[in-house]
Student: 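Questions regarding the structure given below will be posed in turn.
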Amino acid sequence: MIGVESSRVMRAAPRKAVGRVEASVPWDFSRKYAAVHHSGTISVENARKRSKIGRVMKVETFETPQDAAKALAGEVAELIRTRAAEGKNVVLGLATGATPLPFYAELVRMHKEEGLSFANVISFNLDEYSGLDRDHPESYWYFMHTNLFNHIDIKPENINLPSGTVKDDEIAAHCAAYEQKIKDCGGIDLQILGIGRTGHIGFNEPGSDDTTVTRQVHLDELTRSDAAPAFGGIENVPTTAITMGVATIMGAREVALMAWGEKKASIVKKAVQGPVTVDVAASYLQKHPNAKFLLDKGAASLL
Ligand SMILES: O=P(O)(O)OC[C@H]1O[C@](O)(CO)[C@@H](O)[C@@H]1O
């Protein structure tokens, strides 16, 4: 129950929420006292009411997932281009699942139509199912190549995912090497996240605290049942996976979590407005100095 006390700070910060203009609250201040704030389709009046909840999390609400994905892709493109102009790399933490698909589609479009180059991008994916090799259609290696990497100019040697086929007695070393490689690359500049209905980020299921790093984990039954249709039945869904830890994610300099639809509304509410708790890994993001949630109207409907 780390951080529960600090998350109960209930103090509204004066702020405005108009369009996508964010009120400026310095992060050292916002860490303790800033309110949830909204942009996009949420009215100013509602945003002010909600600001009385007094939480750390920054929330942007959009009409559609495509609008949100486009806004985030624009920010990523700017980061990539700025670093390229400085002759530097960008380290991106990437997520899988249905949620980031419109975001990846927009990045691919920007590459093809606007010449956005990923030559200076180093990527680290959050997780991979244990037991699936790279060619398995449900492996995250396959997902990332099908939906992003095969369509852009990222260098193959700059792509990093945990392996699903490491032998049991080599998993600990594999995970430690993954953590070390992230550090050796200078740490993650921007971590992209979705959220599972258990509150997981990566595969950090309930019980994952903010000291966890890359490791093998058991998957929650709700997570497995959500994945069952894609695998043609729950009996085919792996029971374990390798995932970055909550501490790994919290180590990113910036975090952007996307969530769409009413079926995510209840867990989004817990993550954004509930206590910071080991029961909801995404709630630790309330303690991150530069994290935000990008939501569509459905996912934001209970805030
Ligand atoms: O985006 P979806 O398909 O709803 O999945 C939610 C989360 O579950 C995972 O697919 C598994 O961890 C994540 O990658 C994703 O953030």
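Here, residue 1 is the first one in the sequence, and each next residue gets the next number. One-based numbering, in listed order, for ligands and for the atoms of each.
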Student: What is the closest protein heavy atom to atom 15 (C) of ligand 1, and at what distance does it sit?
Tutor: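 Its nearest protein heavy-atom neighbour is T96 O, 3.6 Å.
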
Student: Tell me which protein heavy atom sits closest to atom 11 (C) of ligand 1, plus the residue, atom name and distance to 0.1 Å.
Tutor: F203 CE2, 3.1 Å

Student: Does the residue K264 have a heavy-atom contact with ligand 1, meaning some pair of atoms that are separated by less than 4.0 Å?
Tutor: yes

Student: Using heavy atoms and a 4.0 Å limit, tell me yes or no: is Y140 in contact with ligand 1?
Tutor: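 Y140 counts as a contact of ligand 1 under the 4.0 Å cut-off.
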
Student: Please state which protein non-hydrogen atom is closest to atom 8 (O) of ligand 1 and give its distance, to 0.1 Å?
Tutor: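 For atom 8 (O) of ligand 1, the nearest protein heavy atom comes out as H200 NE2, 2.9 Å.
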
Student: Could you list the atoms of ligand 1 found under 4.0 angstrom from a heavy atom of G202?
Tutor: 12 (O)

Student: Nearest heavy atom to atom 6 (C) of ligand 1 wins, so pick from L257, T99, I195.
Tutor: I195

Student: Would Y178 and F124 count as a close aromatic pair, with their ring centres under 6.0 Å?
Tutor: yes

Student: State whether a side-chain donor-acceptor pair under 3.5 Å links T165 with D133.
Tutor: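 Short answer, no.
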
Student: Hey, are S130 and Q216 close enough side-chain-wise for a donor-acceptor pair under 3.5 Å?
Tutor: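 Yes - a donor-acceptor pair under 3.5 Å links their side chains.
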
Student: Determine all donor-acceptor pairs shorter than 3.5 Å in which one atom belongs to a side chain in residues 189-207; sequence neighbours excluded.
Tutor:
from, atom 1, to, atom 2, distance (Å)
D189, OD1, R83, NH2, 3.2
D189, OD1, R253, NE, 3.1
D189, OD1, R253, NH2, 2.9
D189, OD2, R83, NH1, 3.1
D189, OD2, V91, N, 2.8
Q191, NE2, G93, O, 3.4
R197, NE, D226, OD2, 3.0
R197, NH2, D226, OD1, 2.7
T198, OG1, H200, N, 3.3
T198, OG1, H200, ND1, 3.3
T198, OG1, E205, OE1, 2.6
H200, ND1, E205, OE1, 3.1
H200, ND1, T223, OG1, 3.3
N204, OD1, R215, NH1, 2.9
N204, OD1, R215, NH2, 3.0
N204, ND2, I201, O, 2.8
N204, ND2, M244, O, 2.9
E205, OE1, T223, OG1, 3.3
E205, OE2, D220, N, 3.0
E205, OE2, T223, OG1, 2.7

Student: Under 4.0 Å from any heavy atom of G194, which atoms of ligand 1 are there?
Tutor: 16 (O)

Student: Take N160 and K181 through the test side-chain hydrogen bond (donor to acceptor under 3.5 Å, both in side chains) and record every step on the way to the result.
Tutor: CA-CA 9 Å; N160 299 281; K181 193 162 184 192; 2.8 Å; yes

Student: Give the intermediate values and the outcome of side-chain contact (heavy atoms from CB on, under 4.5 Å) for residues E78 and T82.
Tutor: CA-CA 6 Å; E78 194 180 321; T82 303; 4.2 Å; yes

Student: Would you say the rings of Y129 and F231 are close, in the sense that their centroids are separated by under 6.0 Å?
Tutor: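 Yes, they do, as the ring centres are separated by less than 6.0 Å.
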
Student: What part of A98 sits under 4.0 Å from ligand 1 if we count only heavy atoms: the side chain, the backbone, both or neither?
Tutor: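 A98 to ligand 1: contacts from backbone and side chain alike.
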
Student: Suppose I only count heavy atoms of D127 and a 4.0 Å limit; which atoms of ligand 1 are within that range?
Tutor: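 Checking each atom against D127, I get 12 (O).
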
